[in-house]
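Contents: one structure, followed by commentary.
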Amino acid sequence: MRIGVSLPDNLLDKFDEIIEKRGYSSRSEGIRDAIRSYISYYEWMGDIKGHRVGIVAVTYDHTKRGLSNALGDIQHHYTPLIKSSVHVHLDHDNCFEVIVLDGDGEKIKELAEDIMALKGVKFSKLTTIASNENI
Ligand code: NI
């Protein structure tokens with residue numbers, strides 16, 4: 001199946017740079033691989049259950065209208081889950097934030113998905129491990 005996708009130039013440049021470094025024979029092959037890893041990450045997220053500790057790491061452009069507020073709103077909505085957070089101003093526009101979580105796995109996943117869905121979030125990654133109670 002053929003699909004058409006609009007992407008910002010810098011995103012495509014970066015992607016092309018990576019697939020060249022990794023030795024992909026074509027952009028399509030790189031895109032197929034990226035989609036597979038997106039799907040497997042999503043399926044892995046489906047297995048996050050029970051009491052967990054974890055982190056969500058996010059990079060985003062704080063100059064995007066409403067984004068900092070939206071991120072703040074999400075964190076206030078999940079206050080009982082959040083133990084701590086670290087904010088690093090990367091450069092003029094970009095921020096890096098790490099949110100430390102402890103609580104129900106399903107809730108942690110929900111929070112991570114809410115953050116990932118925000119427009120202007122450039123990168124986000126959830127990592128969790130079972131807390132001692134589950135081992
Ligand atoms: Ni910042």
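Counting starts at 1 for both ligands and their atoms, in listed order. FYI, side chains are in, hydrogens and waters are out, and symmetry mates aren't considered; it's all heavy atoms of this structure.
- Among the atoms of His62, none of the N, O or S atoms falls under 2.8 Å from the Ni ion (ligand 1).
- The atom name of the N/O/S atom in His87 closest to the Ni ion (ligand 1) is NE2.
- Minimum heavy-atom separation, Cys95 to His62: SG-CB, 3.6 Å.
- If you look at His89 and ask which of its N, O or S atoms sits nearest the Ni ion (ligand 1), the answer is ND1.
- Taking 4.0 Å as the cut-off between side-chain N and carboxylate O, Lys107 and Glu110 count as a salt-bridged pair.
- Once rounded to the nearest 0.5 Å, the distance linking NZ of Lys83 with CG of Leu101 reads 9.5 Å.
- Atom NE2 in His77 sits 10.5 Å away from atom CD1 in Ile82 (nearest 0.5 Å).
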